[in-house]
Amino acid sequence: MSALATQVAARAAMLAAAGREGSARVIVVIQRKGGSGKSTLTVNLAAVSGESHPAPDPEGDAPVIALGIDPQGSMEQWARRVAAELLPFDYVVTKGRLGTLPELVRDPNVKRIWVDTPGFVDTDPDADSDADPLGDGRAADAMREALEHADLALVPITTEFLSKEPAEYTIEYVLKPRKIPFMVVINMWDAGADGKTHADLKKAEEWCIERGYPYAPRAVRKYKIHSNAAEKGETVIHYKEQGVGAKARNDIYSLALAVEQVL
Ligand SMILES: Nc1ncnc2c1ncn2[C@@H]1O[C@H](COP(=O)(O)OP(=O)(O)OP(=O)(O)O)[C@@H](O)[C@H]1O
Ligand SMILES: [Mg+2]
């Protein structure tokens with residue numbers, strides 16, 4: 001078992017001891033920086049996860065849920081474009097309302113809950129350095145609720161330098177104090193026209209290694225098909241199984257597998 005898998009198992013045992021029933025696992029996608037791919041990764045991972053955890057009753061509720069806790073409802077915008085019957089998962093938009101996640105983790109039919117979170121802002125620059133950086137308000141409370149139930153956090157970083165610092169902040173000030181196991185996901189790697197431009201990827205990997213942060217073994221490459229799909233309300237399971245569609249789809253399947261391996 002990898003070190004991360006051991007931490008996740010310990011976390012699940014802790015949550016069970018604290019009263020969690022059922023076999024649901026909660027994966028929270030979190031990163032302070034906007035636009036790093038939280039929503040994209042959440043819905044695509046939920047889709048792949050939904051394929052491998054089919055509903056026992058095709059008419060009934062799906063055992064895989066994508067949960068959007070953003071009061072701005074970014075997932076709601078996505079959901080409006082999507083044909084729900086084409087999805088192998090259910091999506092739930094709380095708009096920051098509390099109580100939904102604690103209910104879902106008690107449902108014995110639920111297997112995986114993928115939580116999309118909003119970016120967050122440090123509300124008080126003069127607060128003590130050990131203060132909770134999530135701040136006050138509805139979004140902050142929803143975030144705390146999600147983290148309380150999290151088995152694993154995924155922290156997307158892009159290969160641009162900008163998103164790495166907020167990622168470190170998220171890990172050091174939000175995840176580590178709560179002892180939440182985490183995995184960094186390198187997203188939007190531009191592999192270049194030849195598909196072999198590794199310099200940016202190497203830098204991102206080294207950034208993780210220097211800090212001792214576990215990261216998903218395969219990066220998610222930057223493909224226009226992902227942003228186009230979001231506009232059409234599609235996910236990787238709808239992509240063509242050839243050409244760019246196949247490459248883009250493979251990245252997410254590999255990531256889903258890496259996550260399942262530690263759950
Ligand atoms: N691997 C990728 N390849 C191409 N485009 C991507 C990829 N990942 C995300 N995007 C695009 O980048 C933009 C930002 O992604 P997304 O909305 O998922 O980020 P986010 O972290 O949820 O942002 P926010 O904090 O604002 O909610 C979107 O237009 C999305 O389609
Ligand atoms: Mg988002």
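Quick caveat: nothing in here was measured; it's all calculated off a predicted structure. Positions are given from 1, in the same order as the sequence printed here. Remember, it's 1-based here, ligands and their atoms both numbered in the order they're listed. Computed over heavy atoms, backbone and side chain alike; hydrogens, waters and symmetry mates excluded.
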Using 0.5 Å steps for rounding, measure from the NE2 atom of H198 to the CD atom of E205. 8.5 Å
Gap separating the NZ atom of K179 from the CD atom of Q7, nearest 0.5 angstrom: 11.5 Å
For [atom], closest protein heavy-atom neighbour:
| atom | value |
| --- | --- |
| atom 5 (N) of ligand 1 | Y223 O, 3.9 Å |
| atom 12 (O) of ligand 1 | M188 CE, 3.6 Å |
| atom 19 (O) of ligand 1 | G37 N, 3.0 Å |
| atom 9 (C) of ligand 1 | T40 OG1, 3.4 Å |

Determine whether a donor-acceptor pair (N or O, by modelled atom type, separation under 3.5 Å) exists between the side chain of T170 and the backbone of R32. yes
Nearest protein heavy atom to atom 2 (C) of ligand 1: under 4.0 Å?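 Answer yes: something from the protein, a heavy atom, is under 4.0 Å.
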Is atom 28 (C) of ligand 1 near the protein, in the sense that some protein heavy atom lies at less than 4.0 Å from it?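 Flag for atom 28 (C) of ligand 1 set to false, no protein heavy atom closer than 4.0 Å.
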Quick one: do [X] and [Y] make a salt bridge, cutoff under 4.0 Å?
| X | Y | answer |
| --- | --- | --- |
| D200 | K222 | no |
| E172 | R211 | no |
| D141 | R138 | no |

So, is [X] polar-close to ligand 1, with some N/O to N/O distance under 3.5 Å?
| X | answer |
| --- | --- |
| K38 | yes |
| N187 | yes |
| S39 | yes |
| K33 | no |

Check [X] against [Y] and note the closest heavy-atom contact, atom names and distance.
| X | Y | value |
| --- | --- | --- |
| Y239 | A248 | CE2-CB, 3.8 Å |
| V262 | S2 | CG1-OG, 4.0 Å |
| V8 | P181 | CG2-CB, 3.8 Å |

Ligand 1 contacted by R221 (non-hydrogen, < 4.0 Å): yes
Compute the minimum heavy-atom distance from P118 to ligand 1 and say whether it is under 4.0 Å.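 Contact check P118 vs ligand 1: negative.
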S39 near the Mg ion (ligand 2) via N/O/S, less than 2.8 Å: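 Checking S39: at least one N, O or S atom is under 2.8 Å.
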With heavy atoms under 4.0 Å as the rule, classify the contact between Q31 and ligand 1 as side chain, backbone, both or neither.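 The answer is neither.
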Under 4.0 Å from a heavy atom of [X]: give me the atoms of ligand 1 that qualify, with their elements.
| X | result |
| --- | --- |
| S227 | 31 (O) |
| V220 | 1 (N) |
| G35 | 14 (C), 19 (O), 20 (P), 21 (O), 23 (O), 24 (P), 25 (O), 26 (O) |

Parallel, tilted or perpendicular: which fits the ring planes of F89 and Y91, with parallel below 30° and perpendicular above 60°?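 Perpendicular.
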